Amino acid sequence: MREKTAPGSRTQPFLFRALFLLILLLFVASCQGRSGERQIEYNFKQGVAEVELALLENAPPEQLYPNTDFQLVVTIDNKAAYDVQEGELRIIGLDEKYFDVYPLSQIFSLQGRSLTNPSGEKAFLQFDGRAGELFLNAEEYAGTYFLKAAYTSTVDFTDTVCLNADAYGIYTGGCKLEAEKSYSGQGAPLAVTRMEEIVSPGSGDVEFRFTIENRGQGTVNDVTLLAAQLGGQELSCAFKGEEEGQLRIRLTPEEQEAVVLCHRTLRGEPSYETTVTLQFRYTYEIKEEQELRLVR
Amino acid sequence: MVGIPGGGLAKVGAAYAVTKSALGALGQYFSLFLIIVGLLHFIFIRGGPLHEMAAIIMFILGTVATVGFFRNSDFWEGSPPIHHTLGAWITATAFLFWYFPGGRTASSLLYTGIIWGLLLVIYGLIATKGEGTKAFALGLIPVIFFFMDVAAAWLFGPEMLNWRITEGLQTLIFYVPWWTLLGWILLPTKNAIVNIVKIVGLILLVLVVIGPFLPAVGHESAESLIPGTQGFLETKRQLQEGLPRQENPFVSNFKCITAGRYEDLPACVEERRVESELRAFCEDRAEEEDREATDAYIESCIEEERVRRERERIQVSGITDPTIKEPLEIKFEKGDFFPDKTYRRESEQSRIRYPIDLVIKNPRQQEISVVVGCGFEKTSGDVVVAGRIVGLTEFTVAESSKTQTIVCEPEAPLDGSYKLNYTARFLHLQTFSRLTRAFIGELPESSTALAERAVLKDEILDAHFSGSTAQSQAPNDPVQLHFALGNPVDNPIIEGESGLLLAAAIKNEGRGEIVRLNRYSLFLPGFAVDDTRCLEDVDVEIPAESRLRGDVHLPLCSILSLPFELKNPGEQEYYLREFTAELDYDYEITEQITVEQEVIS
């Protein structure tokens, strides 16, 4: 006679197993969840960061001897939060009589810092060189040169703004408009550093003035406004001093700053918060002065 | 005692007032007269054969004008009797006496001075109760102007102040109408402009008249303390000979004004000055070449000389290469055993031998041929005793360092003190130099590109041309060949290819003499020039004045084109290039040592 088991007694081990699995799942999920949360919370698109150039240690050596070969290895490290495209590293200013380097330029592209690549991408570019003869019985020759990296990259700007067509309204029940806001940077050398919001009373016109400036060590040349949206809708923008619709500007070395003026007409909506986003593409140059020393 | 009635007193007073007024007018008249006559003297007589006589007349006129002026000024309190001014005439007469019959000797100065002093005491202090002393001092004013007129050249020349004759001083010496200036200063007027000119004139005087008139007391000799007027004029002529012959600025100004060139008067005067200097130079050259100075010759000569001077104005400078610590060094070194003083018996015919070390530091190990020689020259008199080198007179050095003892023996016995001259001639010495330039391509057109270009230039200057490295660099050899390229030639950044110049100069930096410039080459591969002599030449003529020191300017040329890559650096932004130059020359060094041989019986 088979012993009759109490109802539910067969389900107990199953419940235990299920409970154990659930706890395990929760544990694993919670662990992953906390880790993921940290990464999601970290915003790479803040502050000022750019491509950094350096020479690999001992490449080239501190001192070179006449008629010897050497290698010059340049480390290019993208610390910015954006990808670098069309990059070119060039060696400028060496007198070929003393240091014959080949090639004089190499191209590169590097991914920016992101969740999947929090350190940014790094590349090593190698140049081969040969040291020449010293002049007569000179004891040394110091050849100063520049490592010049030129590349194209982008920068994004996003923030929440309060829109309020009724500038005279004492209480709108919505958000409070901030006339001016400042920013340190968006993870690139080119940064939107200030935003002004100006609402024209009565007309419902709102103007945004974005100040962009180069906060990096290099030089920003061309800047193109790729996109400008307010709450998902296109903004009408132009660079200050340029014609309407002119979305490209070339900055001079002395004036590494520009203002973008954007307009939008509000249609009597009550005040509300929405996001404003801008995306710029820019060309950038960075130069590092270096020295090669030829000794007897 | 004779009394003077009151009416008589009034008459005397009136007469005195009239006399004073008349004298005042006379003073004014003489001031104006002095201005005019002084100008005529300056334009027509000064420097000519009549200068001396005219200077005496001007001196007398100057004295009259000075006395007349000061009688009407606040110089004397109240109204001095006319005889109180006698002191000025005593001073003037004493000066003329000392200058002409006295022969300008120290002794005549002493006698004249004593007499002048006695008169000063007796007449100035006692007879006029001190009132007349001022006039004695007044008499010195025309004396100063007399000196300035006839003796300025002597005053500033090597015998007295020995000032460097700058252009300003030259103008002061030759082109200031001193008597006119005195007349102007003595003009009795309150006109502001006249007074400003007076002040300027006085400042001029203060600047130049500082104590040089003190005679050399104690140097008692029969010779004149100062030269005569002709002597002064001779000094002036000598000075003028050493200076370029130029048109008198007064004449230049006059001609420019009459030509209506008011707006660019200074430029016009300068043009005339240069033109007159070039003309005088070419006239002299025609005379030297014993040919007729035709208009065509003069015009062609002026143009040629103008171009030559323009080119010479481009100064090529260089620096010693700081990375080359060991240059070529050649020198004589006297040893401790050198027989400076020797003795010989009269009967002995033996000749002493004089050794000296020739030290050659030849770090680049050039193959240097050396020819040595020696000779004796008596220190007093012009007796020359030939010297003979004992041993090799010619040898070759290829080592990096060599000391060769050279022994010289007189070919006849010596007697007394001699200058022993050693010479060493170095054949085919070679020196090199280098010059760095950055080529940045054509000038961009857009303003943004221009701004970027400006930044690039700053970067290039900071990175490659700090200090004096924009200049050519050469080892510190006795002779250096420096060169420069660009426009201006000292600008190390070369933009495009138009207007570029290449200049070079050979500089004697040693203590010897450049005997021969065998060959020079400037290596600028791929460059086209308008005169290839600027790149290379052989047997270059050395101007006599440049053999021992100074520069030998090599032909300057224009760059017609650059190598393509230097003209268009493109993405490379700029190219840095170092150019080199080479010079082959003969050089001679001399060492002079005084030796003495005493003959004993």
Side-chain angles (χ1 to χ4, degrees), chain A residues 66 86 88-107 132-150 218-223 248-256 258 283 285-296, chain B residues 321-328 361-366 400 430-440 446-466 469 472-475 477 523 525 565 569-582:
Chain A
E86 300 163 17
E88 184 183 40
L89 181 76
R90 198 169 273 281
I91 294 175
I92 297 168
L94 279 176
D95 188 340
E96 62 184 18
K97 187 156 89 176
Y98 291 101
F99 305 106
D100 190 10
V101 173
Y102 183 82
L104 284 173
S105 76
Q106 290 192 48
I107 55 169
E133 288 275 7
L134 281 164
F135 177 66
L136 302 178
N137 55 327
E139 292 186 353
E140 61 169 13
Y141 174 83
T144 307
Y145 66 99
F146 293 100
L147 294 174
K148 179 188 164 188
T219 310
V220 172
N221 292 326
D222 293 319
V223 181
R248 190 176 169 193
I249 194 170
R250 187 165 177 90
L251 303 183
T252 62
E254 293 88 21
E255 189 70 34
Q256 290 277 287
T283 56
E285 283 178 10
I286 188 159
K287 269 183 181 173
E288 285 280 334
E289 191 176 311
Q290 300 286 346
E291 190 179 82
L292 281 174
R293 191 169 286 272
L294 180 62
V295 296
R296 187 159 292 283
Chain B
D321 195 323
T323 65
I324 300 179
K325 311 281 189 210
E326 293 177 68
L328 171 75
K361 287 185 181 164
N362 179 23
R364 301 194 294 275
Q365 297 179 358
Q366 304 176 50
S400 58
Q430 288 178 329
T431 188
F432 302 82
S433 60
R434 54 177 166 166
L435 175 78
T436 306
R437 289 290 178 261
F439 295 82
I440 59 172
S446 76
S447 58
T448 310
L450 280 171
E452 288 166 0
R453 174 60 64 92
V455 172
L456 176 64
K457 284 182 182 177
D458 286 345
E459 283 175 356
I460 293 172
L461 287 174
D462 284 349
H464 304 290
F465 300 104
S466 56
T469 49
S472 76
Q473 300 180 45
D477 287 359
F523 302 104
E565 61 170 8
E571 289 295 309
Q572 201 57 29
E573 289 194 354
Y574 70 97
Y575 282 110
L576 194 75
R577 289 288 178 271
E578 184 183 281
F579 305 99
T580 55
E582 180 186 350

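Quick caveat: nothing in here was measured; it's all calculated off a predicted structure.
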Colleague: Report the residues that fulfil side chain to side chain contact (heavy atoms under 4.5 Å, CB included) with Ser446(B), sequence neighbours left out, ordered by chain and then residue number.
Modeller: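 Once residues adjacent in sequence are excluded, the partners of Ser446(B) under the side chain to side chain contact (heavy atoms under 4.5 Å, CB included) criterion are Thr448(B), Ala449(B).
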
Colleague: Within residues 288-296 of chain A, which residues come under 4.5 Å of chain B, heavy atom to heavy atom?
Modeller: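 So far as heavy atoms go, Glu289(A) are the residues that approach chain B to under 4.5 Å.
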
Colleague: With a 4.5 angstrom heavy-atom cut-off, is it the side chain or the backbone of Leu456(B) that approaches chain A, or both, or neither?
Modeller: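 The side chain, not the backbone.
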
Colleague: Check whether Thr283(A) reaches the backbone of Asp222(A) with its side chain - one donor and one acceptor, N or O, closer than 3.5 Å.
Modeller: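 Flag set: sc Thr283(A) to bb Asp222(A) pair under 3.5 Å.
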
Colleague: Look at the aromatic rings of Tyr574(B) and His464(B) and report parallel, tilted or perpendicular, splitting at 30° and 60°.
Modeller: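 The rings of Tyr574(B) and His464(B) stand perpendicular, inter-plane angle above 60°.
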
Colleague: Tell me whether Arg250(A) is salt-bridged to Glu452(B), with the criterion being a basic N under 4.0 Å from an acidic carboxylate O.
Modeller: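 Looking at Arg250(A) and Glu452(B), the cut-off is met.
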
Colleague: Under the criterion salt bridge (charged side-chain N to carboxylate O under 4.0 Å, His left out), I'd like the reasoning laid out for Asp95(A) against Arg434(B): C-alpha separation, chi angles, the key distance, then a yes or no.
Modeller: CA-CA 13 Å; Asp95(A) 188 340; Arg434(B) 54 177 166 166; over 6 Å; no

Colleague: Let's test your reading of the structure: which of Glu326(B), Arg364(B), Gln572(B) forms the most heavy-atom pairs below 4.5 Å with chain A?
Modeller: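 Of the options given, most contacts go to Gln572(B).
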
Colleague: Under 3.5 Å, side chain of Arg90(A) to main-chain N/O of Ala150(A), donor-acceptor pair present?
Modeller: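 Side chain of Arg90(A) to backbone of Ala150(A): no pair is present.
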
Colleague: At a heavy-atom separation under 4.5 Å, does Thr431(B) approach chain A through its side chain, its backbone, both, or neither?
Modeller: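 For Thr431(B), there is no contact with chain A at all, as no heavy atom is under 4.5 Å.
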
Colleague: As an exercise: rank Ala454(B), Ser433(B), Ala438(B) by heavy-atom pairs under 4.5 Å with chain A and give me the winner.
Modeller: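 Most pairs with chain A among the choices: Ser433(B).
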
Colleague: Contact part of Leu134(A) toward chain B, heavy-atom cut-off under 4.5 Å: side chain, backbone, both or neither?
Modeller: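 It is neither, since no heavy atom gets under 4.5 Å.
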
Colleague: Under 4.5 Å heavy-atom distance to chain A, tell me which part of Pro475(B) shows up: side chain, backbone, both or neither.
Modeller: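 Just the side chain, heavy atoms under 4.5 Å.
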
Colleague: Do side-chain atoms of Gln256(A) reach the backbone of Val220(A) as a donor and acceptor pair under 3.5 angstrom?
Modeller: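 Such a contact is found between Gln256(A) side chain and Val220(A) backbone.
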
Colleague: Do the charged groups of Glu96(A) and Arg577(B) touch, with an N to O distance under 4.0 Å?
Modeller: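 Answer for the salt bridge query: yes.
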
Colleague: Are the side chain of Lys97(A) and the backbone N or O of Glu578(B) linked by a donor-acceptor pair below 3.5 Å?
Modeller: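 The answer is yes, because a donor-acceptor pair under 3.5 Å joins these two groups.
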
Colleague: Among Glu140(A), Lys287(A), Glu254(A), which has the most heavy-atom pairs under 4.5 Å with chain B?
Modeller: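 Ranked by contacts with chain B, first place is Lys287(A).
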
